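On a predicted model such as this, the values are computed, not experimentally measured, just so you know. Chain letters run A, B, ... following the sequence lines, proteins first, then strands; residues in each count from 1.
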There are 2 protein chains.
Amino acid sequence: MTITTAEENYLKAIFKIAEKEGKAVLTNSIAAAMNTAAASVTDMLKRLAEKQLIKYEKYRGVELTEEGNRTATVLIRKHRLWEVFLVEKLGFAWDEVHDLAEQLEHVQGEPLVDRLDSFLGFPRFDPHGDPIPDAQGRWTFRQQVRVSLLQPGDKGIVTGVDDHATPFLKYLDQIGLGLGVEVLLVNRTEYDQSVQVRIGGKSEVMLSEKVAQNLFVVVSY
Amino acid sequence: MTITTAEENYLKAIFKIAEKEGKAVLTNSIAAAMNTAAASVTDMLKRLAEKQLIKYEKYRGVELTEEGNRTATVLIRKHRLWEVFLVEKLGFAWDEVHDLAEQLEHVQGEPLVDRLDSFLGFPRFDPHGDPIPDAQGRWTFRQQVRVSLLQPGDKGIVTGVDDHATPFLKYLDQIGLGLGVEVLLVNRTEYDQSVQVRIGGKSEVMLSEKVAQNLFVVVSY
DNA sequence: AATAATTTTTAGATTAACCTAAAAATTTGT
DNA sequence: ACAAATTTTTAGGTTAATCTAAAAATTATT
């Protein structure tokens with residue numbers, strides 16, 4: 001049973017929504033995530049259920065089966081490995097790689113993924129700090145915290161971003177923030193929830209609540 | 001005007017047939033090359049003509065337009081660069097890369113191709129010795145000769161293969177032949193057109209006419 | 001040159017993946 | 001608890017890319 005590119009994309013979307021929202025994934029969430037009409041989603045859900053990739057109950061939402069989960073995991077693994085390749089080897093910026101990886105993730109061939117993984121040195125995180133499952137589908141977890149939750153004096157290393165959109169990433173580049181950079185929270189303004197941070201022990205900048213919420217660090221003591 | 005993957009594949013097939021056969025490319029040659037029904041080809045030719053990618057006259061065959069030619073050239077460039085990547089960087093054997101490159105060549109994004117080219121050091125030939133057009137679509141030519149045409153005492157460096165199929169490539173591996181290897185023609189047997197060759201100044205093997213015809217060398221004096 | 005053989009096109013279907021509009025089911029609010 | 005609002009599904013269509021079978025055009029043969 002072959003799985004089409006469209007089917008793969010639905011599985012990935014379902015996986016990601018389930019990861020975030022927990023419970024059964026509803027038709028409309030999928031439609032929103034994929035920018036398609038709800039009717040198209042219903043069509044596809046029937047097909048995926050037929051192929052045993054999801055458990056589907058009309059009006060009740062869906063859940064991935066073992067097989068569907070495996071497929072989605074491999075897809076995310078491929079996507080993130082290709083992102084590492086594009087940034088580390090081809091020199092793309094972290095805000096330029098999503099669309100390319102979106103295409104590359106659909107290239108079929110198991111040996112390809114695993115050789116790519118090896119070529120890249122088995123990275124466990126992609127250029128945005130998201131974890132890359134290994135060949136057995138195992139994830140690496142980290143104790144990440146949003147900068148918006150730090151207290152004055154808290155220090156951490158930037159390990160990820162929640163918003164992956166270009167404007168945010170370009171802004172971070174501009175103020176000298178990126179993965180691996182040290183951030184020290186100097187103080188918080190309660191009025192607008194903005195925070196003052198010292199970056200890499202050098203410059204100091206003010207981050208709006210929105211920015212601070214989209215930035216993850218692993219706290220260092 | 002976007003060009004679909006299927007359209008790209010037809011353009012590439014037309015380009016390759018035209019390259020080999022010279023004149024106008026006929027429906028049946030395309031059907032044979034693509035393993036599709038002639039009727040499907042006719043359908044597609046109409047679409048490609050509509051998009052100004054080919055010049056098409058019913059029953060008379062087709063020719064690529066400037067634009068069609070450019071598209072096919074870029075596609076071949078991408079295919080061959082990815083093959084170099086797969087062999088040089090990921091360690092695939094030269095007989096394993098065709099199907100993967102067939103998928104990778106359809107990944108869209110100009111900067112990707114050019115960065116890949118640069119990452120690979122601007123190779124001018126792929127792992128089978130086929131030329132890779134540069135970013136301006138220019139080809140590198142070489143004075144290649146089939147081993148079947150060498151005379152006793154003639155010496156050359158293997159620079160390409162005509163048959164790209166796995167059994168042939170695996171056979172070459174087995175007897176120690178590959179790109180860059182030196183071949184000296186020891187003598188010819190007129191009866192069956194087989195040739196005796198010395199490989200890399202070491203081992204000596206007999207090559208059937210078929211093998212000798214599928215192997216290219218650049219003669220060294 | 002007429003007929004036979006071959007090649008190509010047309011006609012008519014199919015499938016995956018989408019759509020809009022309308023109907024049905026579920027959830028929410030008073 | 002029932003009407004209103006929302007969500008989801010069904011019904012009916014479209015497009016790209018394929019197919020088979022039949023018709024038409026071209027090429028080859030006697």
Side-chain angles (χ1 to χ4, degrees), chain A residues 1-14 17-18 20-64 68 71-72 75 102-103 105-106 108, chain B residues 1-14 17-18 20-64 68 71-72 75 102-103 105-106 108:
Chain A
M1 192 155 302
T2 35
I3 301 176
T4 68
T5 292
E7 286 166 354
E8 284 189 334
N9 283 331
Y10 274 91
L11 292 174
K12 191 175 57 156
I14 293 166
I17 296 166
K20 193 144 275 179
E21 301 184 359
K23 49 207 164 231
V25 176
L26 303 177
T27 301
N28 261 8
S29 325
I30 301 172
M34 314 240 344
N35 263 296
T36 51
S40 309
V41 175
T42 302
D43 265 13
M44 181 56 93
L45 295 183
K46 286 181 192 162
R47 241 173 298 145
L48 292 174
E50 196 125 325
K51 290 192 177 183
Q52 318 255 33
L53 295 163
I54 59 170
K55 270 197 316 194
Y56 171 45
E57 282 183 85
K58 276 189 177 191
Y59 295 99
R60 301 268 119 136
V62 300
E63 218 178 300
L64 294 178
T71 304
L75 203 64
E102 206 71 13
Q103 298 177 65
E105 72 189 6
H106 297 293
Q108 301 291 335
Chain B
M1 191 155 301
T2 36
I3 300 178
T4 68
T5 293
E7 286 166 354
E8 284 189 333
N9 283 332
Y10 274 92
L11 292 175
K12 190 174 58 156
I14 293 166
I17 296 166
K20 193 145 275 180
E21 301 185 0
K23 50 207 164 230
V25 176
L26 303 177
T27 302
N28 262 8
S29 325
I30 301 172
M34 313 240 346
N35 262 297
T36 51
S40 309
V41 176
T42 301
D43 266 14
M44 182 56 92
L45 295 183
K46 286 181 192 161
R47 242 173 297 144
L48 292 174
E50 197 126 323
K51 290 192 176 183
Q52 317 255 35
L53 295 163
I54 59 171
K55 270 196 318 193
Y56 170 46
E57 281 183 86
K58 275 191 179 189
Y59 295 99
R60 301 271 115 146
V62 299
E63 219 179 300
L64 294 179
T71 304
L75 203 64
E102 207 70 11
Q103 298 177 66
E105 71 189 6
H106 297 293
Q108 303 289 337

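- Ranking C:dC18, C:dA17, C:dT10 by closeness to the A:Ser40 side chain, first place goes to C:dC18.
- Sequence neighbours left out, not one pair with a member in residues 30-50 of chain B passes side-chain hydrogen bond (donor to acceptor under 3.5 Å, both in side chains).
- A 4.5 Å side-chain heavy-atom check between A:Asn9 and A:Glu105 finds at least one atom pair inside the cut-off.
- The OH atom of B:Tyr56 sits 10 Å away from the C1' atom of C:dT10 (whole-angstrom rounding).
- For the segment residues 2-12 of chain B, the set of residues with a heavy atom within less than 4.0 Å of an atom of DNA chain C is empty.
- Evaluation of the salt bridge (charged side-chain N to carboxylate O under 4.0 Å, His left out) rule for B:Glu102 yields B:Lys12 as partners, not counting sequence neighbours.
- The shortest heavy-atom contact between B:Leu26 and B:Gly61 is CD2-CA, 4.0 Å.
- In this structure B:Glu8 satisfies the side-chain hydrogen bond (donor to acceptor under 3.5 Å, both in side chains) test together with B:His106, B:Gln108, sequence neighbours excluded.
- Remark: A:Ile30 pairs with A:Tyr10, A:Ile14, A:Ile17, A:Val25, A:Met34, A:Val41, A:Leu45, A:Val62 by the side chain to side chain contact (heavy atoms under 4.5 Å, CB included) rule, at least two apart or across chains.
- Across all strands, A:Thr36 comes closer than 4.0 Å only to sugar-phosphate atoms, never to a base (heavy-atom distances).
- Listed by chain and residue number, nothing satisfies the side chain to side chain contact (heavy atoms under 4.5 Å, CB included) test with B:Thr2 (two or more places apart in sequence, or in another chain).
- Among residues two or more places apart in sequence or in another chain, the salt bridge (charged side-chain N to carboxylate O under 4.0 Å, His left out) test is passed with A:Lys20 by A:Asp162.
- Defining each end axis of the helix from C:dA1-D:dT30 to C:dT30-D:dA1 as the rotation carrying four pairs' C1' atoms onto the next four, with five pairs an end, the two axes are found to diverge by 0° to 10 degrees.
- Here the shortest heavy-atom pairing between A:Glu21 and A:Ser29 reads OE1-OG, 4.2 Å.
- The distance between atom OH of A:Tyr59 and atom C1' of C:dT28, rounded to the nearest whole Å, is 17 Å.
- Residues passing the salt bridge (charged side-chain N to carboxylate O under 4.0 Å, His left out) test with A:Glu7, sequence neighbours excluded: A:Lys51.
- Protein chain B contacts DNA chain D over a range whose 5' and 3' limits, counting nucleotides with an atom under 4.0 angstrom from a non-hydrogen atom, are D:dA16 to D:dT26.
- Within the 4.5 Å cutoff, no side-chain heavy atoms of A:Leu11 are placed close to those of A:Leu75.
- Heavy-atom distances under 4.0 Å link DNA chain D to B:Asn35 of residues 24-35 of chain B, given in residue order.
- Position along DNA chain C of the nearest nucleotide to A:Ala39 versus A:Arg47 favours A:Arg47 as the more 5'-ward residue.
- Between the CZ atom of A:Arg60 and the C1' atom of C:dA25 there is a distance of 9 Å, rounded to whole Å.
- Nearest heavy atoms, A:Asn28 versus A:Ala38: OD1-CB, 3.7 Å.
- Scanning for side-chain hydrogen bond (donor to acceptor under 3.5 Å, both in side chains) contacts around B:Glu63 gives an empty result, with sequence neighbours left out.
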